Amino acid sequence: MNNKKRLLEEITTCPECKGTHIIRDPNRGELICSDCGLVLEDELIDYGPDWRSFDNEEYEKKAHTGAPVSPLIHDGGLTTEIGYQNRDSYGNPLSNKARAQVYRLRKWQKRLRIRNSTDRSLAEALSQLMKISSAMNLPRDVRETAAMIYRKAAEKDLIRGRTIDGILAAALYAACRQCHVPRTFDEISKVTGIPKKDIARNYRFLSRELKLRLPPASPLDYLKLFGSRLHLSGEAQAKAKEILDQAEKEKLTVGQNPLGIVAASLYIASVLCGDKKTQREVAEQVGVTEVTIRNKYKQLSEKLGIDIAL
DNA sequence: AAGACGAAAGTGGTTGA
DNA sequence: TCAACAACTTTCGTCTT
């Protein structure tokens, strides 16, 4: 921990642009490079003892030696109801030690409950986040990023008038992009049950209000994802990338749904490399229609002079 | 029978008056 | 605020392998 702290304080040059104008914003817990706008945030966040609100000494001590502090801490059993019989799941009485523990947990939970509504809904949201992201098999850094984004949104009072789930889904989408683990609106929509357009709208909103500096969705990230999901050969994946690069160079991609281009690239590559996938397969994976693939691949192969002998 | 094709109508978001 | 518009989808009949 100390090590980490010292390290952070020593950051004086931006890893991105090598600029030296690093601004520290203690309130937001961010380090910002004023040269290129890079936010070195997640390293800094949640530094202080966020557990201090439980002013019980015992707890304070435990908190600092326990699990690493992460934006996800509101989760972890705290939202579970704790029964009032001092018995374990078999109905046997608990030992003194266990009973004391259960008692503390109960007290803790009660305190959590009593706290203000924003905290309560935050806790709820975070546990919801865990459910969704584990259903989607998302890595931890994505979860933490999503939690961070959600927290910031909550702090800025951006949730009011919107639904928790909607913002959460949008935060998750943003986090996926930030971490280069791209997921489509469709996927997130399927898991969360939030309509795609709502996620998209909330995402735009968050991105504007929180000034998330996300690079435009990289078709390349999607290409990798879908390429592997389709079990496309390495050769074909490389080919798809080639096609995509070319298409971008020729400015054939502006104003188009990147997913359509990605799907078409994958399809063309699969045909060219003799590892053919049907339009249907590709369409299903990527989440566009066959018609779109058809139109796009016609357009692409024509403009790029690629001959597909079918 | 499955895949590919394309026309036609429908949908939701963006744009510009 | 609203209509025009472009991109994409849905649906469906037809052609190809």
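It should be emphasised that the depicted structure is a prediction, and the values quoted were computed from it without experimental measurement. Every chain is numbered from 1, with letters handed out A, B, ... down the list of sequences.
- Among the nucleotides B/dA4, B/dT14, C/dC8, the one closest to any side-chain atom of A/Tyr267 is B/dA4.
- Remark: A/Ala269 engages A/Lys239, A/Ala240, A/Ile243 in a side-chain contact (heavy atoms from CB on, under 4.5 Å) (not counting sequence neighbours).
- Put simply, A/Lys276 has no side-chain N or O that comes within less than 4.0 Å of OP1 or OP2 on C/dT17.
- Atoms CZ (A/Phe205) and C1' (B/dG13) sit 19 Å apart, rounded to a whole Å.
- Taking atom CD of A/Gln256 as the reference point, atom P of B/dG13 lies 18 Å away to the nearest angstrom.
- The A/Val291 side chain lies nearest to C/dT10 when the options are C/dT10, B/dT14, C/dC8.
- Checking each of A/Leu210, A/Leu172, A/Ile167 against A/Ile149 for a side-chain contact (heavy atoms from CB on, under 4.5 Å) leaves exactly one that passes, namely A/Leu210.
- A/Arg201 comes within contact range of no nucleotide atom at all, as no heavy-atom separation falls under 4.0 Å.
- The structure places OG1 of A/Thr184 at 12.0 Å from CZ of A/Arg177, a figure rounded to the nearest 0.5 Å.
- When both pairing distances are held under 3.5 Å, C/dA3 makes a Watson-Crick or G-U pair with B/dT15.
- Here A/Lys196 does not reach the OP1 or OP2 of B/dG12: none of its side-chain N or O atoms lies under 4.0 Å away.
- We find that OH of A/Tyr297 is positioned 8 Å from C1' of B/dC5, with the value rounded to whole Å.
- At the phosphate of C/dC8, neither OP1 nor OP2 sits under 4.0 Å from any side-chain N or O atom of A/Arg294.
- If you check residues 277-290 of chain A against DNA chain C, the residues with a heavy atom closer than 4.0 Å are A/Val288, A/Thr289, listed by number.
- Look at CD on A/Gln299: it is 15 Å from C1' on B/dG6, rounded to the nearest Å.
- With A/Ser189 contributing its side chain and A/Ile194 its backbone, the two residues share a donor-acceptor pair below 3.5 Å.
- A/Arg183 forms no cation-pi arrangement with A/Tyr173, by the criterion of a distance under 6.0 Å to the ring centre and an angle within 45° of the ring axis.
- If you measure from atom CD1 of A/Ile199 to atom P of B/dG13, you get 13 Å, rounded to the nearest angstrom.
- At whole-Å resolution of the value, CZ in A/Phe185 and P in C/dC8 are 15 Å apart.
- Under the 3.5 Å distance criterion, with hydrogens and angles disregarded, no donor-acceptor pair is assigned to the side chains of A/Gln285 and A/Lys277.
- Atom CG in A/Asn295 sits roughly 9 Å away from atom P in C/dC8 (whole-Å rounding).
- Of the candidates B/dA4, B/dG13, B/dC5, the closest approach to any side-chain atom of A/Lys197 belongs to B/dG13.
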Worked check of salt bridge (charged side-chain N to carboxylate O under 4.0 Å, His left out) between A/Arg280 and A/Glu284: CA-CA 6 Å; A/Arg280 179 137 167 47; A/Glu284 200 166 307; 3.0 Å; yes

